[in-house]
Amino acid sequence: MKIKLLDGTVKDFNGSATILEIAENIAISLKKNTIAAKVNGKYVPTDYIVEKDCDLELITSKHEDYLKVLNYTTAFVAGAAIESIFKDTKLAKILYKKDECEFGVTFEIEPRIGLDQLTVIQSKIMELLKNNSITWTKVSWEEIEKSEEYSEYQKYIAKDMHETYGEVFIYKIANTKFITPHPITLNTKLIKVLEIQQLSGEYWLNDAKNIMLQKVHGIMSDSQASLDEIKASLEDRRSRDHRIINKTLNVFGIDNLVGPGLPLWMPNGTIIKEEIKKYLKEKEWEYDYIHVTTPVIGTIDLYKKSGHWDHYGEDMFQPFNGGAGNEEQFILRPMNCPHHVAVYKQEQRSYRDLPLRIAEHALQHRYESSGSLTGLERVRAMELTDSHIFVRPDQVEQEFKAIYKLVTEVLDTFKIEIDYLSLSLRDPEDKIKYYQDDKMWNEAEIALENVLKDLNLDYKKCIGEAAFYGPKLDIQIKTAQNHEITVSTIQLDFLLPKKFDVTYIDQNQEYKAPIMIHRGLIGTYERFVATLLEQTKGILPLWLAPTQVEIIPIGDQTNESYANEVRNELKKHFIRTHIDNRDERLSYKIRDAQIKKIPYQLVIGETEKSNKTVTFRMYGSEEQTTILLNQFVNILINKIKSKN
């Protein structure tokens, strides 16, 4: 049989061989270092017997899946520990989050376990690793299906594994049997140290209609020093979680009676959002965009005609009727494109009117599953910084460059670094997702790629990631939580203008269809503010801070009068202030302002009142500076204007 290795080398074997035998044939050291393998993309243990030609990857410490194997193995042993401690446990799935270096195991148990049990679970895991070995066997799906030994969760996984690979693997340690397609090493000595960190919940299959399972999370490594590094990284990441930061800054709220995923922008959050919006609208004005306002609902016929209902209907809020007894059906707006097409069509356009840049910061709704909702990052109601630009074919290149320039200028202002550019193209073999017009697609993709090359931009081609109506450029960033998200997007659309019979009159007085460019400037305010909070740890620049100056009067009530005078002077220049009149020590008030990450704290006492000065300290600084009030105002005005 012929074994093709990861580097392209082909090895010939007479008859079957185990993974370790194949590794030893290549090098004795390779046998010692191999902890698992992939056979034709399927994870297998080291004593798995290869019986026919295949592609083989030997997993060693140099392989990208090395930590994945160790973490899944630890998760499996954690499940065994939980089952041995708590009777009637139904183990469900083992998990590994590469970005968070974290393993997990989900399970059903009643009564539910508490946080005080985590140290017991951790001790049991170490005991199992020390005193037991892992074995495995291969069984048929029919055998699992008939058996009463396995829970409905394990049977679900077994069926899926059978359908995907044609085989079902059962791993065993002590008295626990577990079915999983994930990689497991039989060498438990590789797991040196671990720490169980959290207990949470997760819907089975991430579907809110299913049972909420318990979930134990932990981290592991091959040394204490390495584990400490992972812990420090995780603690920093968790401290940056915008949901944690929100507890101090009070940016948004969620009320399940209002509805999951429907964020309430609190006063502080509204200030942040409106300041960003004011800046973005100024930039759009600079680039000759015109702003419109369109309804938050539309008829179902609108979205059927656009094609959105057929392609994204499952992700929309379902249709609702108009008045009682009325058969008209409407949908909460999931996207703005058809509305902006309707704006364009309110009058006949000429080639001289193009490009026409229609912009709207528009509220829209999409039905995300309950299990996927995450603070502001993933919501059901969102405000998109949207625009649709109608251009002639000869204007595509110039307009695309202008859009890209606008986007990069905006991201630079917020000091958000682009991770990479993704050129999303159609999959020509997918006859369902994509509108079938080869000429249209070829023209659109060539036009977009030519612009990227002309701009000398590096990008990744992603086949099958295009929208159903055209190719797109997605600007990808990494959040502080290491999530990859699209912050801005530019999409070419040759289809929607045809569907809605959108035209302009050219130089020869003939009707022609314009090309439509979809542009998302910073995506949605919800996700962008979540990202901004995480990247800054909530330490916002002066122009964005909800409270820019905290005024702290000390001494008698006459100083409070001067504090109000200072506040009124700052208000004249739209500088946001708050006076702390609480009966607390000065050190306490300053510390509280620091916790709230307020950029400037002013201390107002007898000296300041007499000299018409202020004494200020900046966030994160111990240094105090005393200057005239008008000088302080000018400093703030200049900083706000420059957006430093």
Side-chain angles (χ1 to χ4, degrees), residues 1-76 93-96 98 133-145 154 157-173 177-191 222 425 427-431 460-465:
M1 69 181 171
K2 295 184 181 298
I3 306 296
K4 185 178 180 181
L5 302 176
L6 189 58
D7 64 359
T9 304
V10 177
K11 293 283 186 179
D12 288 317
F13 286 84
N14 294 321
S16 60
T18 67
I19 296 298
L20 287 183
E21 286 171 345
I22 295 171
E24 185 178 28
N25 180 270
I26 299 169
I28 294 175
S29 60
L30 188 58
K31 175 186 176 182
K32 293 179 180 178
N33 292 325
T34 298
I35 66 167
K38 288 173 81 173
V39 174
N40 293 331
K42 173 181 63 182
Y43 290 106
V44 299
T46 50
D47 57 0
Y48 178 86
I49 300 173
V50 180
E51 299 176 310
K52 56 185 178 181
D53 296 355
C54 69
D55 291 342
L56 175 65
E57 293 182 42
L58 299 174
I59 300 176
T60 68
S61 59
K62 295 179 180 179
H63 194 281
E64 64 178 1
D65 286 343
Y66 180 73
L67 288 176
K68 177 189 284 188
V69 176
L70 296 187
N71 275 278
Y72 272 120
T73 304
T74 310
F76 160 55
K93 294 176 69 176
I94 53 175
L95 310 107
Y96 168 54
K98 180 180 178 181
S133 58
I134 296 175
T135 59
W136 75 284
T137 186
K138 183 167 56 175
V139 297
S140 69
W141 157 241
E142 290 75 19
E143 184 180 340
I144 298 292
E145 186 179 28
Q154 286 282 274
I157 292 170
K159 184 179 181 182
D160 185 64
M161 190 173 181
H162 167 73
E163 291 174 350
T164 305
Y165 301 113
E167 295 178 316
V168 178
F169 292 174
I170 298 177
Y171 293 90
K172 186 174 185 290
I173 187 169
K177 292 181 179 179
F178 192 76
I179 300 166
T180 182
H182 297 303
I184 302 291
T185 181
L186 308 182
N187 185 358
T188 56
K189 293 179 181 178
L190 293 171
I191 303 164
D222 55 5
L425 307 173
D427 178 358
E429 302 301 317
D430 190 336
K431 305 300 182 184
K460 295 181 183 179
K461 283 188 181 182
C462 298
I463 307 297
E465 294 298 319

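Keep in mind it's a predicted model, so treat the numbers as computed, not measured. We're numbering straight along the sequence, starting at 1.
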Taking the side chain as every heavy atom from C-beta outward, state whether [X] and [Y] have any pair of such atoms under 4.5 Å apart.
X    : Y    : value
I184 : F169 : no
N25  : F13  : yes
Y171 : T73  : no
I26  : L5   : yes
T18  : T46  : no
K32  : I28  : yes
I22  : K11  : no
V39  : I19  : yes

Identify the two heavy atoms, one from [X] and one from [Y], that lie closest to each other, and give their separation to 0.1 Å.
X    : Y    : value
M1   : A17  : CE-N, 3.8 Å
I173 : S133 : CG1-O, 3.7 Å
G41  : Y165 : O-OH, 4.2 Å
A158 : V168 : O-CG2, 3.5 Å
L95  : K93  : CD1-O, 4.0 Å
T185 : I35  : OG1-O, 3.1 Å

Can you name the side chain to side chain contact (heavy atoms under 4.5 Å, CB included) partners of N40, sequence neighbours left out?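 Applying side chain to side chain contact (heavy atoms under 4.5 Å, CB included) to N40 gives C54, D55.
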Measure the spacing between NZ of K189 and CD1 of I191 and express it to the nearest 0.5 Å. 13.0 Å
From D47 atom CG to L20 atom CG, the distance as rounded to the nearest 0.5 Å: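 Between atom CG of D47 and atom CG of L20 there are 7.5 Å.
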Taking only residues two or more places apart in sequence or in another chain, which ones pass side-chain hydrogen bond (donor to acceptor under 3.5 Å, both in side chains) with [X]?
X    : value
D222 : none
K461 : E449
T9   : D7
E167 : K42, Y48, K138

Just distance, no hydrogens or angles: give the donor-acceptor pairs under 3.5 Å from side chains in residues 59-67, sequence neighbours left out.
| unit_1 | atom_1 | unit_2 | atom_2 | d |
| --- | --- | --- | --- | --- |
| T60 | OG1 | K62 | N | 3.2 |
| H63 | ND1 | D65 | N | 2.9 |
| H63 | NE2 | E57 | OE1 | 2.8 |
| D65 | OD2 | Y43 | OH | 2.8 |

What verdict does the side chain to side chain contact (heavy atoms under 4.5 Å, CB included) test give for I170 and I144, after you've listed the backbone C-alpha separation in whole Å, the side-chain angles of each residue and the deciding distance to 0.1 Å? CA-CA 10 Å; I170 298 177; I144 298 292; 3.7 Å; yes
